[in-house]
Amino acid sequence: MTPNLSLKKSLMNNRLTLMVQWQNIGLGLLPTNEQRITTQGRDFFTTTNYIQETDIFLVNISYGLRQLSKQSKLPGNEFGDKEF
């Protein structure tokens, strides 16, 4: 299991979004992102260390150009609102 943390904040009527992510939390002190695989047989021995990157910080800023609060106007018909 890999610990992660993310924070998200919407501004300006949800048009501007700020997100910060901290992936693989370990501060370089915890061995949570390390794995060792050892294989051996009668005539061989092999060991491999897998170390995943620790402490990845991501910052995302997005701005929506579409205005979602406005309702779209549909074309009317010749009978008005009481067609059926």
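Only heavy atoms go into these numbers, but all of them, side chains included; no hydrogens, no water, no symmetry mates.
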For T46, all residues meeting side-chain hydrogen bond (donor to acceptor under 3.5 Å, both in side chains), sequence neighbours excluded: none
Which residues share a side-chain hydrogen bond (donor to acceptor under 3.5 Å, both in side chains) with T38, sequence neighbours left out: T47
Residue list, side-chain hydrogen bond (donor to acceptor under 3.5 Å, both in side chains) with D43, at least two apart or on another chain: none
Shared-cluster residues of L58, by chain and number - hydrophobic side chains joined below 4.5 Å: I56
Exceeds 12 heavy-atom contacts within 6.0 angstrom, atom CG of N49: yes
With Y63 via side-chain contact (heavy atoms from CB on, under 4.5 Å) - residues at least two apart: M12, R15, L16, L65
Interatomic spacing from OH in Y50 to CZ in R36 - rounded to 0.5 Å: 12.5 Å
Residue list, side-chain contact (heavy atoms from CB on, under 4.5 Å) with S6, at least two apart or on another chain: Q21
Atom pair CG/CH2 of L7 and W22 - distance to nearest 0.5 Å: 10.5 Å
I61 CD1: over 12 foreign heavy atoms closer than 6.0 Å: no
